[in-house]
**Student:** 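First the structure, which I've put down as structure tokens, then a few questions once you've had a look.
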Amino acid sequence: MLGRHSSIGHFVENAIHDPRLVDLATPQHLDAIKRGVPVDEQKPAAAATPTPAVKPPPASSVEDKGKEDANGLTALDRDYRPTKEMVSKIAQNGYLVVTWANWHYQDFVMTWVYHVKEAGITGYIVGAMDDQLLEALIAKDLNTFSMKSGLTTGDFGWGSKTFAKMGREKIRLIALFLRLGVHVVIADVDVLWLQNPLPYLDRYPEADVLTSSDHLSNTHDTDELELWPQAASSANIGIMLFRTNSAPTLAFVDEWVDIIEKDADVWDQNAFNDLFRRGTKILEGDPKHYFLGYDGKLKMGILPVALFASGHTFFTQRMWQRLGLKPYAVHATFQFAGTPGKKNRMRELMLFDDPPEYYDHQTGFVTWTMDGIEPLLATAGPRTNKMDLENVVGHFDLVNHQILRVRSAMAIATVLGRAVVIPELWCGLDRWWAPHRGTIPGSEFKLPFQCPLDHIYDLESWVRPFDFAGHGPPIEWRESSFYGNVRMSKAVNASRVVVEVCASASDAGCSDGSSPAPESAGRVRIAPGLASDKLKVALSGVAKYKTLDFTTMVSAFGNFSDPEQWGQFANRMRTYASIWCCIDDHPGHIHYDILFDVPHVDKFNRPFNGSGFGGWEDDESLQAAARRETVEEAGVRGCLVEPMLGAFPFTSCKPSAPTSRNQGKCIAHMFLMHVAEELEVWPEGHERQRHWVTLAGAHAHCRYDWMAEALCTFMADLEGWTARLREQAAAQAAQQQHACAGARATPPTAAGAGPGASAGAAAAEPAGAEATTGCDAEQQERVSM
């Protein structure tokens, strides 16, 4: 369905016609819709009432239990420590469904609990990693226990040290509850339970361990476990079952804990995969698709990827819909915008349990019909089926068509002080972190497709607190299914007026902004291209309505009357778009650019004349490429030290694309950088870590010979390079070209701008004189380390 919002909304309207979608929303709500009851007249049953926003109780309410003992534990911690007696009372048919979180994720916790209860799961428990969350859960009489982790109460940040520590807590929980005598179903807090999994798990009583997977295609069309080794992609430990009556299971978990406690750099999921894959044995013809892992000691299975779904198989592929199956759970993985991206995806399918105030706004909302999509869909998919620029043209034509309309809606929302409700967006190609032909290798679904908002936009920037002077007011937004959500009140949903944008300013009855547009039959008409001050006047007469529903965004907004406001808005728009990623070229990255049609300087300070279809990074010097990629990947700025450290050829061990003429041959051009600034937020910060290391430490992190060679080249003339660095920094300071005075005093390493190190900078070009490179996903990461 490509049309506009109705009062019920796209998602619910589709659900009426497709019983596979009905099961995803609260059954009594959609049953009422099928009976013809308007969405605004439905009253959710008590169990389905949205959980109110949780506020931490005042410290005084638990003051008597808040004093810590010598071990840092309070009386509250001791009262809510997990015991055999506690879990035996909570367990459901011998199972305990476990998650954990800190206060920062309390809204995810409440959504997790909401779905657990809706699914009929009574045997659940939530580990509270701090006192705020523990007290809040106790106040709501939810099953909880104290973890007293001592970790941050803020966002863990994927890939951060805190994220890794949080993973260690998870594994200890598994060991703890196994020893308390229950089968442990462990689930991350960004997992939503859509139906009770316990009857399904009972079908596999012989299994010691069942795990979800990052595999992107199903190995059969039923609800059985996936086939092994056909589904041998990385296991994802976001959803797992461990049975308590298995000695090998306890031994496995104990060894897993031992591995990660001995090495703080080991990621818990990698350790799990390495451990269970050790000594795997295929059980040919096994009717339940079991296999043996962990030196043949564990009977294991891979949960079906359509039913215990990843973010890709659920939100992007909609595999459950294609197969006609009802999913048990979805894990918000394979997304691109951190916590805001996870939350928005859940909201798009009406799965996030927002409080009532989310469905209202002090001023109101702006929405519109996304017109002109259908003709673009026919040519939006892969054009050449190669990893070249021509292949993506149709996709960018489609996305840029939508970007312009979203930009106009955001401008109108900024002028009127409203939130913008963004219709469904369409993409011609999938998004990935590496070069591809249109879909992630291993995935199978039809293009083009309705894509999540984070495929195009950097939603972390949308919630970032920018300064008002430079970026103007923040812009609130709501998801495409907003008007179809049963949580919205009748009064808010009914309060709307249609804003018709006239074809010509001379059309009869069209306000030119000199006075309020007259309202007739729930509609006003405005002249096209009104500047912001005139638009405010034209719509002032309908300010009382909660929703201004524009018939189109074409010519709905002219410009800001105040050039300073345009500058602020443009600065904000520079940060709002994300990256599609890569073609098989150097560098090959293509960024979405909200200002692509007007002359501007993009978020990487590159000038564009307004004729491009996106931020394709060609025509760069090696130095410019090295500086840019160091900012993008490591979040540091500074001065490159000339001359270049060297050019280091290498051949990737990963097969090149068949269309590549270089067959994996690459050259890494390495520079030293005198770092002047470390950014707290940078474009790929949610995907990469930044660590400062000693020279010896850098050498230990060199994954490939060419990296070690580059480092040794630097160390062989350490004194000379240090002198050059100081001379260049002094010269630049004297010329006032760069502010290098605040750079680190310690000599930089020769490591590149990726995970593990950040004091060097790297750029790559193909071997020989060819215009394309054989470097694919991993190769591009290696080039910048």
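Given the structure is predicted, the values throughout are model-derived calculations rather than measurements.
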**Student:** Please check if the number of heavy atoms outside Lys546 that lie under 6.0 Å from its NZ is greater than 12.
**Tutor:** yes
**Student:** Verify, without hydrogens or angle tests, whether Ser489 (side chain) and Val492 (backbone) share a donor-acceptor contact under 3.5 angstrom.
**Tutor:**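 Judged by distance alone, yes, a pair lies under 3.5 Å.
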**Student:** Kindly say whether the aromatic ring centers of Phe482 and Tyr359 come within a distance under 6.0 Å.
**Tutor:**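 Yes, they do, as the ring centres are separated by less than 6.0 Å.
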**Student:** What orientation do Phe560 and Trp566 show, parallel under 30°, tilted 30 to 60°, or perpendicular over 60°?
**Tutor:**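 Judged by the thresholds at 30° and 60°, the geometry between Phe560 and Trp566 is tilted.
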**Student:** Side chain of Arg525, backbone of Glu500: donor and acceptor closer than 3.5 Å?
**Tutor:** no
**Student:** Salt bridge or not between Asp454 and Lys342? Use side-chain N to carboxylate O under 4.0 Å.
**Tutor:** no
**Student:** Keeping Arg690 on the side-chain end and Gly635 on the backbone end, is there a donor-acceptor pair under 3.5 Å?
**Tutor:**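 Yes, Arg690 side chain to Gly635 backbone: donor-acceptor pair under 3.5 Å.
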**Student:** Do the side chain of Arg572 and the main chain of His471 share a donor and acceptor less than 3.5 angstrom apart?
**Tutor:** yes
**Student:** Tell me whether Arg464 forms a cation-pi arrangement with Tyr576, defined as NZ or CZ under 6.0 Å from the six-membered ring centre and within 45 degrees of its axis.
**Tutor:** no
**Student:** Are Ser578 and Asp458 close enough that a side-chain donor and a side-chain acceptor fall under 3.5 Å?
**Tutor:**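 No donor-acceptor contact under 3.5 Å links the two side chains.
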**Student:** Step through it carefully: locate the ring centre of His312, locate the ring centre of Trp432, and say whether they are under 6.0 Å apart.
**Tutor:**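 No - the distance between ring centres of His312 and Trp432 does not fall below the 6.0 Å cut-off.
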**Student:** Walk me through it: do Tyr483 and Thr547 pass the test side chain to side chain donor-acceptor pair (under 3.5 Å)?
**Tutor:** CA-CA 10 Å; Tyr483 292 112; Thr547 295; 2.8 Å; yes
**Student:** What's the shortest heavy-atom distance between Thr111 and Leu351, and which atoms?
**Tutor:**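 Looking at all heavy atoms of both residues, the shortest contact is CG2-O, 3.5 Å.
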**Student:** Which heavy-atom pair separates Arg574 from Val601 by the least distance, and what is that distance?
**Tutor:** NE-O, 2.9 Å
**Student:** Flag this pair as yes if the NZ/CZ of Arg478 is under 6.0 angstrom from the six-membered ring centre of Tyr358 and inside a 45 degree cone about the axis; otherwise no.
**Tutor:**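 Pair Arg478/Tyr358 counts as cation-pi.
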**Student:** Among side-chain atoms of Thr551 and Thr369, is any donor-acceptor pair under 3.5 angstrom?
**Tutor:** no
**Student:** Looking at Arg405 and Asp371, is there a salt bridge between them, counting it only when a charged N and a carboxylate O are closer than 4.0 Å?
**Tutor:** yes
**Student:** Compute both the distance and the angle, then confirm whether Arg431 meets the cation-pi test with Phe336: under 6.0 Å from the six-membered ring centre, within 45 degrees of the axis.
**Tutor:** yes
**Student:** Could you name each residue pair satisfying disulfide bond (SG atoms under 2.5 Å apart) that touches residues 488-545, not counting sequence neighbours?
**Tutor:** Cys502-Cys510
**Student:** Should the pair Arg487 and Tyr114 be classed as cation-pi, given the thresholds of under 6.0 Å to the six-membered ring centre and 45° from the axis?
**Tutor:** yes
**Student:** Looking at every non-hydrogen atom in both residues, tell me the closest pair between Met110 and Asp353 and how far apart they are.
**Tutor:** O-OD2, 4.2 Å
**Student:** Using the benzene-type ring in the case of Trp, are the ring centres of Tyr457 and Tyr592 under 6.0 Å apart?
**Tutor:** no
**Student:** Using a strict cut-off of less than 4.0 Å between a Lys/Arg side-chain nitrogen and an Asp/Glu carboxylate oxygen, indicate whether Arg347 and Asp354 qualify as a salt bridge.
**Tutor:**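 Yes, Arg347 and Asp354 are salt-bridged.
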**Student:** With distance as the sole test, does Gln106 use its side chain to make a donor-acceptor pair with the main-chain N or O of Asn102 at under 3.5 Å?
**Tutor:** no
